[in-house]
2 protein chains.
Amino acid sequence: MAANGRPGRSASVKDVAALAHVSLGTVSNVLNRPDRVSAATRERVERAMTALGFVRNESARQLRTGLSSTLAYVMLDAGNPFFTDVARGIETAAEQHDLTVVLCNSDNRADRERSHLAMLEERRFRGVLVTPVDPDSPLLEQIAGRGTPVVIVDRTRDDDRFCSVAVDDVLGGRTAVEHLVDRGHRRVAFLGGPDNIGQVRDRLQGARDAWAEAGLPPDDLTVLRTDSLDVASGREAAERLLGQPSSRRPTAAFCINDLVALGVLQQTMRAGVSVPDDLALVGYDDIAFAAAAAVPLSSVRQPRELLGARAAALALAESEDRDHRHQQLLFTPELVARASSLG
Amino acid sequence: MAANGRPGRSASVKDVAALAHVSLGTVSNVLNRPDRVSAATRERVERAMTALGFVRNESARQLRTGLSSTLAYVMLDAGNPFFTDVARGIETAAEQHDLTVVLCNSDNRADRERSHLAMLEERRFRGVLVTPVDPDSPLLEQIAGRGTPVVIVDRTRDDDRFCSVAVDDVLGGRTAVEHLVDRGHRRVAFLGGPDNIGQVRDRLQGARDAWAEAGLPPDDLTVLRTDSLDVASGREAAERLLGQPSSRRPTAAFCINDLVALGVLQQTMRAGVSVPDDLALVGYDDIAFAAAAAVPLSSVRQPRELLGARAAALALAESEDRDHRHQQLLFTPELVARASSLG
DNA sequence: CTCGTTGCGTGAAACGTTTCATAATGTGAG
DNA sequence: CTCACATTATGAAACGTTTCACGCAACGAG
């Protein structure tokens, strides 16, 4: 317990061995295969360890064994509760396998994503999970090429060079719009963008599929583009929406995610327009703030924690299996109907 | 560029040296002191490096040099936007010094905090920033004792054994209540808990100070305890508040943070009680969702990103200065008045 | 008494880097 | 032509672990 005050070099196995009058190898055995050591010496070594405040140097260990016991998740935006929930799922799964998880936030910036991936590659983690800003970054293949499992989270790629977990966004879009059509809406707006995000395209696709199958005129499903996926974009889009003459204005809006939907909700209430009577609203993700909104928000729920948990499991499996086959998991979203779309 | 397909051991300096027909040391010089190497050989070595897909092994480097270039932030709750904003501040500051940051989420659990700290100690990071679940954890002193700078973020400790950054919570509580008194409120509720959190005690203390200085009867500042600091607790506390006969009911509530305030707001609107006319509301933290609420929320803003940035700077300074004196930084909160407290 | 076995402990080698003292070569001054 | 000196490159040592092939006793069986 003697937390040696001097900031000098901290104790190594060598120091412990000297103090306990045993060899290096024995100390290592106490650490890694305690059963191969007699009770008496084990105890002596352990006493020496606490006396010196010995803490194993993970760099040396990893250098020698080539093994790491930590997983990394490079998240797209730590400020979006969706991703922190995914992270929670990863952590829970990792915990069950005695792995620790570190989080890296690329904050929607490709350069920061690059620097994180480069750092992770140099450190040879057990596995790298990533929701990429740039799904085509060569660094991803490079890391995988070095033997580190890479799992793509919440994004799809056309190839099968990585494991991935994602949610069926086409189906999610379809589900949302089917719900609105069921509730009797005949003029609906899709609020989302930018278009270069695959999920935006997929959800819109699903929305259009449902609309067409209901036999409704394509022009009555209007699309309002947003610049990004946050609350401010929602407010801004709502202004455009509410600017339309109420005779032609959509009676419902399907928003690309809950942040946008919350922005719309706020702007709508401010304008004295009633939700859901004058405008029904469906969001996407079902983050905790959705249920807690002024008018509880209907939303297409993604199994966020499950997504993370399965991603972690895939990385682990890949790191253990000698000959591993990549898997692409696709989960099913589920509509949670609340007051914002129920009359 | 030849991303060697074989998953076998990846290239080392030795391999590069062999391919470039130079010695180990020269490769290392190319990496670390390129000016000490002639242009011709440097280029030859660099070609060999890309040909082999060489990536420096950080474990070996760190083992040899004892230096690390990454900072860790152990955050209390990644789901609370307050902490992700602090993290953003850390990342921005770190980036300017070419350090990378990893985030660890203790998710309000002491055991997870312990396992993260243990992992960080074994990895000998450049610095450890932490908003502790348990500010008295012996692991903190242990890590610091080993020579790793430890900075306590958004918590205060009585001693000066660490650097710390925090915000003056007594002043914050005082500011909130002064504002409400100024607006004419004579019956006010404080919503917050549990009491074992220092910040809860401090903000309540400030609230009471302001109340007393205004010469108002102590009993008219009522305290409603909450079990935690989330939206659900806010809803629950609001129910208790609204259950009181309106003649005696407080006309304003000061909430321990914005999540609680959002819960109160939601429950209040649902009950048909008007904010701010029937109940004024002030939150704390000024997270992004506060301004975006159905009724924009007044809040006591903490300089979140600044907090993070200064914490990172302190860690860095401590890691560089030979003889370093710990500093305790205390920032000043600032009231942001919005519709929820303005008639 | 001998021999295989079992239980414990040993010490050297290896992981991939950086550093440092030293060697080899070229250059310009005297 | 020699000497001092700068410029480059070299190779061994070291960082702190883990592993592995061996010793060494003690022991029970034959």
Side-chain angles (χ1 to χ4, degrees), chain A residues 8-46 48-49 52-70 118-119 121-125 146-148, chain B residues 8-46 48-49 52-70 118-119 121-125 146-148:
Chain A
R9 187 179 65 66
S10 58
S12 74
V13 273
K14 198 183 297 184
D15 302 320
V16 174
L19 183 57
H21 301 293
V22 295
S23 75
L24 275 190
T26 301
V27 177
S28 178
N29 282 335
V30 170
L31 249 22
N32 303 302
R33 315 184 203 55
D35 48 310
R36 291 237 195 325
V37 171
S38 78
T41 48
R42 188 190 328 145
E43 199 181 326
R44 195 148 34 90
V45 170
E46 278 163 354
M49 293 204 280
L52 294 172
F54 171 80
V55 171
R56 188 207 266 123
N57 182 325
E58 177 65 21
S59 294
R61 175 190 172 82
Q62 186 172 335
L63 173 58
R64 173 61 226 235
T65 63
L67 265 37
S68 163
S69 65
T70 111
M119 182 275 281
E121 188 174 18
E122 292 188 346
R123 293 197 168 240
R124 317 278 147 107
F125 276 62
R146 201 169 306 283
T148 301
Chain B
R9 187 178 64 66
S10 57
S12 74
V13 272
K14 198 183 298 184
D15 303 321
V16 174
L19 183 58
H21 301 292
V22 294
S23 76
L24 276 191
T26 300
V27 177
S28 178
N29 281 335
V30 170
L31 250 21
N32 303 302
R33 314 185 204 57
D35 48 311
R36 292 234 193 326
V37 170
S38 76
T41 46
R42 187 188 330 143
E43 199 181 327
R44 192 148 36 91
V45 169
E46 277 162 353
M49 292 204 281
L52 294 171
F54 171 80
V55 170
R56 186 208 265 126
N57 182 325
E58 176 66 20
S59 294
R61 174 189 173 82
Q62 185 171 336
L63 173 59
R64 173 61 226 235
T65 63
L67 266 36
S68 164
S69 66
T70 109
M119 182 274 280
E121 189 174 17
E122 292 188 346
R123 290 194 170 244
R124 318 278 146 105
F125 276 62
R146 201 168 305 284
T148 301

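Residue numbering restarts at 1 for every chain, and letters A, B, ... go by the order of the sequence lines.
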Engineer: Counting C-beta onward and ignoring hydrogens, is there a side-chain heavy-atom pair between A:Phe54 and A:Leu19 closer than 4.5 Å?
Structural biologist: no

Engineer: Toward the 5' end of DNA chain D, which comes first, B:Ser23 or A:Ser28, by nearest nucleotide?
Structural biologist: B:Ser23

Engineer: Let me know the distance between CZ of A:Arg33 and P of C:dG7, rounded to the nearest Å.
Structural biologist: 16 Å

Engineer: Which whole-number value in Å describes the distance from B:Asp15 CG to C:dT17 C1'?
Structural biologist: 13 Å

Engineer: May I ask you to verify if any side-chain N or O of B:Ser12 is less than 4.0 angstrom from the OP1 or OP2 atom of C:dG16?
Structural biologist: no

Engineer: Select from A:Val27 and B:Gly25 the residue whose nearest nucleotide in DNA chain D is closer to the 5' end of that strand.
Structural biologist: B:Gly25

Engineer: Are side-chain heavy atoms of B:Asn32 and B:Arg61 found at a separation under 4.5 Å?
Structural biologist: yes

Engineer: Whole Å only: how far is the CZ atom of A:Arg123 from the C1' atom of C:dC15?
Structural biologist: 17 Å

Engineer: Please give me the minimum heavy-atom distance between B:Val37 and B:Thr26, naming the atom from each residue.
Structural biologist: CG2-O, 4.3 Å

Engineer: Mind checking B:Thr41 for me? I need base, sugar-phosphate or nothing, with any heavy atom below 4.0 Å counting as a touch.
Structural biologist: sugar-phosphate

Engineer: If you check every side-chain atom of A:Leu24, which of D:dT18, D:dT10, C:dT18 has the closest atom?
Structural biologist: D:dT18

Engineer: In whole angstroms, how far is the C1' atom of D:dT17 from the CG atom of A:Leu31?
Structural biologist: 9 Å

Engineer: When the distance from CZ of B:Arg61 to P of C:dT18 is rounded to whole Å, what number comes out?
Structural biologist: 5 Å

Engineer: Taking C-beta and beyond as the side chain, do B:Met119 and A:Glu58 meet within less than 4.5 Å on heavy atoms?
Structural biologist: no

Engineer: Under 4.0 Å, counting only non-hydrogen atoms across every strand here, what does B:Thr65 touch: a base, just sugar-phosphate, or nothing?
Structural biologist: sugar-phosphate

Engineer: Can you find a donor-acceptor N/O pair under 3.5 angstrom joining the side chain of A:Arg64 to the base of D:dT18?
Structural biologist: yes

Engineer: When you measure from the side chain of B:Val37, which nucleotide among D:dT17, D:dA9, C:dT17 comes out closest?
Structural biologist: D:dA9

Engineer: Starting at atom CG of A:Leu63, determine the distance to atom P of C:dC15, rounded to an integer number of angstrom.
Structural biologist: 9 Å

Engineer: Distance check needed: D:dA9 P versus B:Asn32 CG, whole Å only.
Structural biologist: 15 Å

Engineer: Any side-chain to backbone donor/acceptor pair from A:Arg123 onto A:Ser68? Under 3.5 Å, distance only.
Structural biologist: no

Engineer: Where is the tightest heavy-atom contact between B:Arg146 and A:Ser10, given as atom of each residue plus distance?
Structural biologist: NH1-CB, 3.3 Å

Engineer: Testing B:Glu121, B:Arg124, B:Glu122 one by one against A:Asn57 for a side chain to side chain contact (heavy atoms under 4.5 Å, CB included), which residue passes?
Structural biologist: B:Arg124

Engineer: Hey, what bend do you get for the helix from C:dC1-D:dG30 to C:dG30-D:dC1 if you fit axes on five pairs at each end, rounded to 10°?
Structural biologist: 50°

Engineer: Quick one: is C:dT18 close enough that its OP1 or OP2 comes under 4.0 Å of any side-chain N or O from B:Arg56?
Structural biologist: yes

Engineer: With a 4.0 Å cutoff (strictly under), does any side-chain N or O of A:Thr26 reach OP1 or OP2 of C:dT10?
Structural biologist: yes

Engineer: Round to the nearest Å and state the distance from B:Arg36 atom CZ to C:dT18 atom C1'.
Structural biologist: 13 Å

Engineer: Have a look at A:Ser38 and say if it touches a base, only the backbone sugar-phosphate, or nothing, with a 4.0 Å heavy-atom cut-off.
Structural biologist: sugar-phosphate

Engineer: Using modelled atom types and a 3.5 Å cut-off, is there a donor and acceptor pairing between side-chain atoms of B:Arg33 and backbone atoms of B:Val30?
Structural biologist: no

